[in-house]
Structure formats: C-alpha cells, structure tokens
Number of protein chains: 2
Amino acid sequence: MARHKSGDKPKDIRKATIEEVAHIGSTAISVNKIAARAGLSVGTIYRYHRSKDDLLFAVFLDVKRDIHSTMMEAAAEHRIAASRLRAMWFALVDYGFRLPKDFQFVELMNSETRIQFSGNEKLRQIQAEVLAEIQQGVDDGTLVDVNVRTIETVLASPAITLARRVALGRQGIESDEVERIFSLVWRGIALSERPPPKE
Amino acid sequence: MARHKSGDKPKDIRKATIEEVAHIGSTAISVNKIAARAGLSVGTIYRYHRSKDDLLFAVFLDVKRDIHSTMMEAAAEHRIAASRLRAMWFALVDYGFRLPKDFQFVELMNSETRIQFSGNEKLRQIQAEVLAEIQQGVDDGTLVDVNVRTIETVLASPAITLARRVALGRQGIESDEVERIFSLVWRGIALSERPPPKE
DNA sequence: GTAATTAATGAGCAGTTACTCATTGTCAAT
DNA sequence: ATTGACAATGAGTAACTGCTCATTAATTAC
C-alpha cells in the first residue's frame with residue numbers, strides 16, 4: 001500500500017550525524033551536510049525529525065540507550081553486586097573503545113545547553129537503573145554506606161574520562177591501564193580491603 | 001601615536017563568547033551573534049581573531065589557563081603533597097561552582113575534534129605541571145606507586161564531573177557532598193589508611 | 001595646526017543555513 | 001490497468017553565515 005522503505009533510513013541518519021560531528025565538530029554541523037553524508041536528501045531527514053535540534057537529541061538518546069543496554073547486558077551475566085558493577089564499568093569503557101565516535105557524540109551533547117536533560121523520562125530511567133545497581137552493592141555490604149549518587153560519581157567519572165580519551169584519539173590505552181584505574185576506584189568505594197572482583 | 005583601545009575588548013569578546021555558547025549551545029553559535037552580545041561590530045572580532053575557530057580556541061585556552069592558575073595558586077598555600085593536591089582538587093571544583101559557564105565552555109571545547117589538543121604547547125605544559133604535583137605525592141609515599149597518569153584520571157575525573165554538574169545547573173550540590181566525594185577518591189589513591197588531609 | 005597611525009565600524013559579499021513543498025517513485029489492493 | 005497511499009526527492013527560499021574592506025574616529029608626534 002505504500003512505497004517500501006528502501007534500507008534503514010533512521011540508521012543511516014544516525015550514522016551520518018555522528019560521523020559529521022566527529023568530522024567537523026559540533027560548532028559547524030549542518031543538516032545539509034548530514035543529509036549529503038547519509039546519501040539522502042534533506043527532505044528525508046525532515047521526514048524523520050522535526051528540526052535540527054530534534055535530530056541531534058534523537059540521536060543522542062539513541063546512543064545513550066545503546067550504551068545503557070550494553071551495560072545492563074554485561075551486568076546480567078553476573079549475580080553478586082560487585083561483579084555486576086565491575087562488568088558494567090568495563091562495558092562502558094569498552095563501548096568507548098569500540099565506538100569512539102558514538103561515545104564522543106554523547107559526551108558532546110551531554111554538555112549542550114539546548115538538550116534539556118532532566119526533563120526527559122527515558123534519561124531519568126537510565127539514571128535510576130544505574131543507581132539501583134549501586135544500591136545493591138551498598139545493601140549487601142560490598143560498598144561503603146554513603147549516598148548512591150556520591151558513589152556513582154566516583155565510579156563512573158573515570159570510566160567516562162577513559163572512554164573519552166580514546167574517543168578523541170589522543171592516545172592509545174592499554175588494558176592494563178584500564179584495569180589499574182578500576183582497581184584504584186574500587187579501592188575508594190569498597191567497604192572491605194579485599195581486592196576488586198575479577199570474575 | 002594611535003587611537004587608544006577603549007575598554008578591554010578581548011575581555012568583552014571572551015565574555016560574550018562564553019555566554020553565547022552557554023545560551024544557545026555549541027551547535028548554533030555564530031560570530032555575528034557573539035559580536036552583537038559583546039556590543040561590538042563583527043570587524044572588531046576579526047581584528048583580534050583570525051577566524052571563528054581561532055576565536056573559540058583562544059577563549060578555550062584562556063579559560064583553561066585561568067583554571068590552571070587558580071589551582072596552582074591554591075596549591076602554593078601548602079607544603080606537603082597531600083595538602084597541595086587536596087587544595088588543587090577543591091580549587092577545580094570551586095571554579096566550576098563560581099564560574100559555571102566558563103567551566104562548561106571549556107568542557108564543551110574539550111570534546112571538540114577541531115581543537116587539536118595534543119599539538120598545543122601551552123596545554124602540554126599545564127598537563128605536565130599537574131602530573132608533577134601528583135609525582136610529588138608518589139615520591140613522598142603519600143600516594144600508591146602507580147603511573148601518575150593513572151592517578152590523575154582517578155583524581156581529576158570526579159572533580160570535573162562535579163563541576164560540570166553544577167555548570168549544567170541540573171542540581172545544586174552541598175559542600176558535604178563534595179567533601180565526601182573527595183574522601184572516597186583519596187581513599188582509592190592514598191597509600192595509607194589515614195583519612196585524607198583536611199588542612 | 002596637521003600629518004601619521006591605528007582602533008573600530010558596519011554595510012556588503014558570496015556562500016550556506018534550516019526548512020518547505022510540489023513532484024515523482026513504488027508498492028498493494030482493486 | 002488503475003487507483004490510492006505514502007516514502008522519498010531535491011530545487012527553492014528567506015534568513016543567516018563567516019569574513020572583508022573602504023570608511024570613520026580617536027589619538028599622538030611633530
């Protein structure tokens with residue numbers, strides 16, 4: 001009853017948007033260029049997104065959800081809180097290593113004023129799920145008994161820094177270094193003196 | 001012999017650039033709007049900066065140096081490595097609290113591809129000075145004996161996250177919370193079990 | 001005074017922007 | 001075949017972009 005959608009347009013648009021930002025930066029992106037990069041006409045972009053801002057936010061949210069689900073899938077393979085948190089941490093860093101441009105895009109948009117973070121329900125939910133995982137660690141006596149937001153800051157920040165560093169391609173990072181950083185962070189938030197979980 | 005510069009134009013330009021980015025975001029800034037906000041004509045901006053990119057980078061570097069010198073001044077009031085590092089850490093967070101827009105601008109530009117970080121000598125020097133401070137802590141047995149870059153990542157990341165959170169105005173942060181985060185971070189990188197330095 | 005020098009201007013340039021819409025292409029149901 | 005429904009197009013548009021440069025304003029040296 002309708003012209004078939006040839007190919008996966010939303011996917012093409014997402015890819016082109018991320019690549020365009022990675023290529024010329026957020027201070028010079030344009031919808032026309034994104035369309036050209038995606039091999040589509042401008043009109044098609046406006047069929048999927050109401051405005052430039054809408055496009056950027058949609059792609060941002062999409063990648064954000066990608067990262068989150070990757071983390072949760074990694075957590076699902078473990079039972080005890082310590083192992084789950086460790087798996088999530090490494091999944092986050094690994095995402096930055098595997099898809100640096102995607103990660104960089106999210107980071108850039110995270111600092112954008114236009115994107116109204118707190119208002120969005122989906123973002124709230126993602127945040128809540130992460131905090132719930134940390135709460136588990138507090139409850140079972142693995143982590144120090146302080147506000148989960150506090151722990152989240154200490155835990156997540158270095159992972160983001162690490163992934164961002166790779167995304168910007170400034171230097172290669174060995175897996176030893178990643179492991180060492182996790183050790184130090186875990187040392188800070190774990191209750192006991194035991195070394196951080198390995199498996 | 002020449003017409004006097006009336007007022008401090010570079011300062012006006014810097015201020016307007018930061019405010020414009022804070023107001024409409026990096027994805028929509030324009031030189032014309034920055035000029036209008038500064039109460040100057042476009043030509044004047046191009047008298048001080050060769051291009052839009054040059055303008056953004058210059059302001060970025062300026063703020064970056066501001067932040068760094070604030071940190072080093074804070075450190076100068078102390079002798080022992082632990083106290084110096086603590087002072088620097090709080091100075092960084094405090095900068096984000098006092099001048100959120102400036103801090104946010106730096107963070108945004110930090111994630112920009114266009115800004116070639118590694119190439120700049122000034123940025124290199126700033127980085128080197130910070131690492132040297134940490135090295136002091138390693139040398140006198142205050143911090144664990146690992147690569148200074150590793151420690152820097154664990155130490156600086158949460159401070160940046162904290163300052164950024166304030167910059168984006170998502171939530172107010174009490175000084176207790178800041179203190180608690182520092183405690184956890186310090187716990188991770190300090191060699192002994194002693195609590196982090198207070199004075 | 002006036003000549004020399006430079007700061008600052010802002011209209012104007014060619015090119016680009018975000019966005020629209022009349023048109024065309026492609027399918028399933030008739 | 002014809003129709004109806006919609007995906008996709010891309011030339012078109014007014015506004016705006018980064019940037020230039022002829023001109024004016026302000027100052028000092030002589």
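Below, read A as the first sequence line, B as the second, and so on, with proteins coming before strands; counting in each chain starts at 1.
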Protein-nucleotide distance ([X], atom [atom1]; [N], atom [atom2]), rounded to Å:
X: B/D8; N: C/dA8; atom1: CG; atom2: C1'; answer: 15 Å
X: B/L55; N: D/dT17; atom1: CG; atom2: P; answer: 14 Å
X: A/N32; N: C/dG15; atom1: CG; atom2: P; answer: 16 Å
X: A/I13; N: C/dC19; atom1: CD1; atom2: P; answer: 14 Å
X: A/R50; N: C/dT20; atom1: CZ; atom2: P; answer: 11 Å
X: B/I34; N: D/dC19; atom1: CD1; atom2: P; answer: 11 Å
X: B/D53; N: D/dT17; atom1: CG; atom2: C1'; answer: 14 Å
X: A/K52; N: D/dT17; atom1: NZ; atom2: P; answer: 10 Å

### Query
Touch check for B/I29, heavy atoms < 4.0 angstrom, all strands: base, sugar-phosphate only, or nothing?
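The answer is sugar-phosphate, as B/I29 gets under 4.0 Å only of primed atoms, P, OP1 or OP2.
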[X], nearest nucleotide to its side chain (from [options]):
X: B/Y46; options: C/dT20, C/dA8, D/dT20; answer: D/dT20
X: B/V31; options: D/dG18, C/dC19, C/dA8; answer: D/dG18
X: A/K33; options: D/dT9, C/dC19, C/dT17; answer: C/dT17

Phosphate oxygens OP1/OP2 of [N]: is one of them under 4.0 Å from a side-chain N or O of [X]?
X: A/K9; N: D/dA8; value: yes
X: B/S30; N: D/dC16; value: no
X: B/Y48; N: C/dA8; value: yes

### Query
Mind checking whether B/F105 and B/F60 have ring centres under 6.0 Å apart?
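No, ring centres 6.0 Å or more apart.
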### Message
Among B/V148, B/D140, B/V130, B/L143, which residue satisfies the side chain to side chain contact (heavy atoms under 4.5 Å, CB included) criterion with B/Q135?
### Response
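For B/Q135, the side chain to side chain contact (heavy atoms under 4.5 Å, CB included) test succeeds with only one of B/V148, B/D140, B/V130, B/L143, which is B/V148.
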### Task
Assign each of A/R47 and A/S41 to its nearest nucleotide of DNA chain D by heavy atoms, then name whichever residue's nucleotide is nearer the 5' end.
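Going by which nucleotide is closer to the 5' end, it is A/R47.
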### Message
Pairing donors with acceptors under 3.5 angstrom, does anything connect the side chains of A/T153 and A/T150?
### Response
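Per modelled atom types, A/T153 and A/T150 side chains form no pair under 3.5 Å.
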### Message
Against A/R86, only a single residue in A/E133, A/E77, A/E179 fulfils salt bridge (charged side-chain N to carboxylate O under 4.0 Å, His left out); can you say which?
### Response
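It is A/E179, the one option of A/E133, A/E77, A/E179 that forms the salt bridge (charged side-chain N to carboxylate O under 4.0 Å, His left out) with A/R86.
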### Task
Evaluate whether atom CZ of A/R98 has more than 12 neighbouring non-hydrogen atoms of other residues, nucleotides or ligands under 6.0 angstrom away.
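Counting other residues, nucleotides and ligands, CZ of A/R98 exceeds 12 neighbours.
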